[in-house]
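Throughout, a chain's letter reflects where its sequence line sits, starting with A, and its residues are numbered from 1.
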Amino acid sequence: MKWTKTDLAQFLQAQEYVDTILIPLIPFQFSQEKDMEKEASQSEWVSLFAMGIEKELAGRVMLVPSYHYLKSADKQMEIERLNDWMANIQAQPFKHIFYLTMDGAWKKEEGALTGNLLWFPMMYDYKNDSGTGDLLQEQIDQVIEVIRTFWA
Amino acid sequence: MSGDKQQVSRRQFLNYTLTGVGGFMAAGIMVPMLRMAVDPVLKTSGHGDFANVNLAVDDITKDPQRVEWEIEQVDGWYKSNVKKAAWVYKNDEGDIIALSPICKHLGCVVTWEGSDQHPNEFFCPCHDGRYYKSGVNVEGTPPTAPLDMYEKKVENGMLYLGEVKPHKEA
Ligand code: FES
């Protein structure tokens, strides 16, 4: 389910079944020109990815609006803010929180976050847009497997 | 001086003009109607309600296989490509069955034999929903209705799928 009116109506009827939060972490910036395209491309992939996961697991996973931050920002501040988000989200009985990102900088902050980090590296040639749908689907399936191990 | 030249009387002139205008209006109404009548014929296949899912009927076995295709969806002014999927197999009578993979509980995607504990069934990973091969939900699991079915047709040996409809045993 997504943060949309129709999905939330369904969610409010079935809260006990929707116990997993998925939140994309997406950096952006306009100060380092040489990285802009790459980062925008990553942002697109993470969004596609999140939608792909939500589609397969719509009945149990709530995809919340993406968390955007400046690439150069102090991670400690961001973590504080993110944990605030999560404290609020947990007003609902969510048991699992997954962050989805391609920004490797989160990897070493993982322990400070409420929830689990799903980090995956860039596997696509962003310069030629040659990431194929199949490759994407394959990676989505793998991440779904990971999420399911937390459910078991 | 006026006698010979006045070949068109006032009445005739009005008649001609009105017929002209009337004819114009009639044409204005008729053309769209004609178009509507002929349009379905002009439409190319694939833009109709059925989509070729790239599966030859001969390749459909008794084991459900997943097919995927894309359709163009127009939502108001917003056009987008939407991925569709189905589980397709032949039942014991040899009829083609095309089931929607969307779980009737809360909408996750079900998989044929998605759980090792439940062979020969469709399985929903979200809350362990189960369906028999026919698409009928297994009593006691969360879904309360059978999987939807696609309308289907066969043309030149290829399978075409259309709209989803409630399961005939629903
Ligand atoms: S969404 Fe399939 S069992 Fe709940």
Q | ILVMFWY cluster, B:Trp112 and B:Leu159 together (side-chain gap under 4.5 Å) | A | no

Q.
I need the minimum non-hydrogen distance between B:Phe123 and A:Arg148, along with the two atoms involved.
A. CE2-NH2, 3.8 Å

Q.
Rounded to the nearest 0.5 Å, what separates atom NZ in B:Lys83 from atom CD in A:Gln137?
A. 6.0 Å

Q: Could you tell me the separation between the SG atom of B:Cys108 and the CD1 atom of A:Ile144, rounded to the nearest 0.5 Å?
A: 9.5 Å

Q. Pick one: which of A:Arg60, A:Gln13, A:Met1 meets side-chain contact (heavy atoms from CB on, under 4.5 Å) with B:Leu106?
A. A:Met1

Q: Among the options B:Gly129, B:Pro101, B:Pro125, B:Gly107, pick out the one with the most heavy-atom pairs lying under 4.5 Å from chain A.
A: B:Pro125

Q: Considering only heavy atoms and a distance below 4.5 Å, find which of B:Ala85, B:Cys126, B:Pro142 pairs most often with chain A.
A: B:Cys126

Taking atom [atom1] of [X] as the centre, does the number of heavy atoms from other residues, nucleotides or ligands within less than 6.0 Å exceed 12?
| X | atom1 | value |
| --- | --- | --- |
| B:Asp116 | CG | no |
| A:Glu33 | CD | no |
| B:Gln12 | CD | yes |
| B:Asn156 | CG | no |
| A:Glu80 | CD | no |

Q) Non-hydrogen atoms of chain B under 4.5 Å away: do they reach the side chain of A:Glu56, the backbone, both or neither? A) both

Q: Indicate yes or no for a side-chain donor-acceptor contact from B:His105 to the backbone of A:Gly59 under 3.5 Å, with no hydrogens or angles considered.
A: no

